[in-house]
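Remarks on the structure that follows.
Each chain gets a letter, A, B and so on, in the order the sequences are listed, and its residues count up from 1.
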Protein chains: 2
Amino acid sequence: MKQKVTLKQIAKELDVSISTVSKALKDSVEISLDTRQKVKAFAKLYNYKPNNIALSLKNRKTKTIGVIIPEIVHHFFTTVIGGVEKVANEKGYNVIICSSNNSFDKEVINLEMLASGSADGFILSVAKETQQKKDYHHIEETMSQGMPVVLFDRIIDELVCDKVIIDDGKGAQTATNHLLSLGCKKIAILTTVDYISVGKLRTNGYLRALRAYDITAREDYILKIEDIDNCESEISDFLEDKDVDAIFAVNELFAVTAARVLNEQGKKVPDDVSIVGFTDGILSKHFIPSLTTISQHGEEMGVRAAKLLIDKLEGEEDIPEEYKTVIIDTSLIQRQSTKK
Amino acid sequence: MKQKVTLKQIAKELDVSISTVSKALKDSVEISLDTRQKVKAFAKLYNYKPNNIALSLKNRKTKTIGVIIPEIVHHFFTTVIGGVEKVANEKGYNVIICSSNNSFDKEVINLEMLASGSADGFILSVAKETQQKKDYHHIEETMSQGMPVVLFDRIIDELVCDKVIIDDGKGAQTATNHLLSLGCKKIAILTTVDYISVGKLRTNGYLRALRAYDITAREDYILKIEDIDNCESEISDFLEDKDVDAIFAVNELFAVTAARVLNEQGKKVPDDVSIVGFTDGILSKHFIPSLTTISQHGEEMGVRAAKLLIDKLEGEEDIPEEYKTVIIDTSLIQRQSTKK
DNA sequence: TAACCTTACGAAAACGTTTGCGTGTGGATA
DNA sequence: TATCCACACGCAAACGTTTTCGTAAGGTTA
């Protein structure tokens with residue numbers, strides 16, 4: 001097993017100093033052409049690659065971006081990561097991904113671990129628990145140590161940093177408007193409990209849309225789902241004997257589950273009930289009927305977040321700090337789950 | 001902006017040497033109780049965290065596992081990552097994830113980058129292009145430098161290393177058997193071109209199952225799909241006027257697309273045609289009808305792969321190398337797409 | 001031939017740790 | 001009082017780089 005070759009070893013073999021080797025490999029004019037060629041040939045032969053760790057230590061930067069997301073098995077988040085990777089790789093950055101599993105503790109651990117030398121900055125979407133706890137000391141601390149943080153999707157208003165979000169309210173409004181423009185009058189919403197920020201924002205958008213159409217929102221048309229994993233029974237109970245002609249679901253799962261429930265209750269989508277979802281994932285695309293939905297443009301979010309972060313990382317140290325909040329446009333994708 | 005505090009700074013403040021601080025923090029008996037307490041209090045106050053990079057350099061290990069997968073936006077791979085993370089975190093390892101995007105070049109770049117100091121070992125599923133090119137020098141080189149590699153799912157037979165796979169052939173056989181036991185006689189298969197190893201293996205399993213039932217396989221019941229992204233037209237043409245009573249699809253996408261096509265052609269699933277898929281992803285679970293499928297137990301694969309890798313990483317240096325191939329059992333999940 | 005300039009290279013510090021070993025101080029022992 | 005031993009701590013090397021600065025050798029100029 002041939003071990004990794006270092007400058008020192010090359011230097012020894014060639015009977016020159018470490019600095020000579022280092023300079024030769026960088027084509028420094030300080031070193032004679034002769035020596036340069038000799039060193040390079042040798043390095044190539046032994047497949048020399050500079051040790052990243054040593055470089056990081058020396059340069060005090062890792063050229064690595066840390067990404068922390070609530071769930072790794074999640075289509076939207078992976079599309080965001082895709083966008084981050086794209087930009088990062090173009091700019092010569094590596095990406096480390098960690099999942100907090102929606103746990104506050106794991107988020108803290110991951111962040112602290114990456115912050116202690118492994119990454120130069122962070123792109124993060126906070127865990128559900130963190131949103132509940134409203135404890136952001138770990139993020140604040142990271143920033144106060146000079147490491148930039150970009151928040152996306154599930155952001156925290158109180159934190160002063162770059163952010164990339166979609167206009168959840170506007171997206172929801174668009175979705176609801178679409179249903180209204182189709183002539184639907186009795187539009188129910190399947191949403192989350194309020195402490196999930198995006199759920200709340202989307203609910204508000206729905207309410208605004210109704211108001212603009214002079215339709216009074218009905219409490220009994222709003223379902224705030226507690227237990228996402230067992231949403232089917234909640235939705236089923238909710239929809240039982242309810243005379244709605246449209247449903248706006250704040251995520252994909254609620255949308256397809258509603259479709260499934262309606263199906264079981266003998267109602268047709270979109271003929272009897274139209275459905276609009278949120279998030280353009282696998283399910284929306286391939287479901288029968290395919291789902292009209294609001295696309296969040298996950299990849300674009302990732303791209304923008306990575307750019308913001310890298311700008312901060314490569315910007316001048318002491319220019320006055322200035323933080324941006326990028327709002328990505330959502331778009332309505334019309335498919336089969338809403339009647340024409 | 002308070003910068004990260006180092007041993008040196010603490011030492012200076014407290015007017016002791018760096019080594020004293022280091023030892024005090026480790027509760028060394030060499031240091032007086034008094035000093036120890038003072039140092040620890042100070043360290044806590046300033047939130048001292050040892051610099052991982054420096055530690056990695058010193059210890060010549062990073063306590064990091066590199067995971068390279070062909071696609072990040074892919075349910076199966078993310079479940080595997082979930083399993084890897086679980087084990088890794090338990091054992092104090094960090095996980096770096098990179099996607100090769102199915103490109104050979106990017107796989108090489110990612111591997112080399114992580115191999116030059118960022119990770120101690122690798123868990124990897126090779127890119128499509130790599131399977132075609134049959135060029136594995138980057139993986140061989142990584143191993144020859146003493147970094148263990150565990151291959152999973154899309155493995156390479158020629159490479160001598162730990163592997164975690166499912167028995168694709170057996171899984172396919174189980175799927176086909178299930179259809180046969182339901183009384184289906186005319187079973188088509190939707191598979192991939194042959195260079196995708198898992199596609200080929202699954203096709204073979206399908207053929208074996210038919211043979212065991214004394215049914216002659218028909219060429220015109222086998223569709224090898226080239227362009228996965230546009231599989232719908234291929235499947236649609238294939239199924240046109242074809243009098244099949246069952247379909248075995250080697251992945252989720254083919255399965256739901258087949259269902260969609262059948263739906264458009266006015267055939268009912270499962271009444272007219274039964275469908276069995278492969279991979280238990282989001283789609284299979286939530287589709288209407290939900291899909292009978294072969295579960296690959298992605299998380300379990302990740303768990304096993306991580307364990308194998310960590311065993312190698314923490315094992316004695318010079319025990320005779322011994323490589324294992326773990327075969328994860330698949331299981332048939334019966335849902336609504338196959339009639340009872 | 002003395003002064004100077006190039007050329008080509010090496011020494012050493014720095015990044016932040018850990019750790020084996022050396023050492024000064026003070027008290028106990030002989 | 002000379003010897004010895006704990007005790008408590010510091011020095012320095014090592015991990016692999018990069019880079020500044022110093023310098024020896026040789027050639028050129030006045």
Nearest whole angstrom, please: distance from the C1' of D/dA14 to the CG of A/Leu7. 15 Å
From NZ of A/Lys58 over to P of D/dT19, roughly how many Å is that when rounded to an integer? 7 Å
Where does the angle between the aromatic ring planes of A/Phe152 and A/Phe76 fall among parallel (under 30°), tilted (30 to 60°) and perpendicular (over 60°)? tilted
May I ask you to say what A/Ser22 touches in the nucleic acid, namely base, sugar-phosphate or nothing, with a heavy-atom cut-off under 4.0 Å? base
Send over the distance from A/Asp27 CG to D/dT18 C1', rounded to a whole Å. 16 Å
Donor-acceptor pair present, A/Lys23 side chain and D/dT20 base, under 3.5 Å: yes
Separation of B/Ile31 atom CD1 from D/dA6 atom C1', in whole Å? 14 Å
Name the orientation class of the two ring planes belonging to A/Phe77 and A/His74 (parallel below 30°, tilted from 30 to 60°, perpendicular beyond 60°). tilted
Should A/Lys63 and A/Glu314 count as an ion pair when the cut-off is N to O under 4.0 Å? yes
With nearest nucleotides of DNA chain C determined for A/Thr20 and B/Lys26 from heavy-atom distances, which residue corresponds to the more 5′ nucleotide? A/Thr20
Between B/Ser17 and B/Arg60, just flag the one whose closest nucleotide in DNA chain D comes earlier from the 5' side. B/Ser17
When you look at NZ of A/Lys86, are more than 12 heavy atoms from neighbouring residues, nucleotides or ligands closer to it than 6.0 Å? no
Heavy-atom count around A/Lys40 NZ within 6.0 Å, excluding the residue itself: above 12? yes
Heavy-atom pair with the smallest gap, counting every atom of B/Val87 and B/Ile310: CG1-CD1, 4.1 Å
Working to the nearest 0.5 Å, report the span between NE2 of B/His75 and OG1 of A/Thr78. 10.0 Å
Salt bridge present between B/Lys163 and B/Asp157 (N-O < 4.0 angstrom): no
Terminal axis angle for the helix from C/dT1-D/dA30 to C/dA30-D/dT1, five pairs an end, nearest 10 degrees: 80°
Heavy-atom side-chain contact between B/Phe122 and B/Ile65 under 4.5 Å: no
For a 4.0 angstrom threshold against heavy atoms of chain B, report the outermost contacting nucleotides of DNA chain C in 5' to 3' order. C/dC15 to C/dC21
What is the distance, to the nearest angstrom, from the CG atom on B/Asp15 to the P atom on D/dA8? 18 Å
Which residue lies toward the 5' end of DNA chain D, B/Ala54 or B/Ser19, if each is placed at its nearest nucleotide? B/Ser19
Calculate the interatomic distance between A/Glu30 atom CD and D/dG22 atom P; express it in whole Å. 13 Å
Grab the NZ-P distance between A/Lys8 and D/dA13 for me, whole Å please. 12 Å
Atom-pair distance (CG on A/Leu57; C1' on D/dT19), nearest Å: 15 Å
Remember a base hit wins even if backbone is also touched, and classify B/Thr35 as base, sugar-phosphate or nothing at under 4.0 Å, heavy atoms. sugar-phosphate
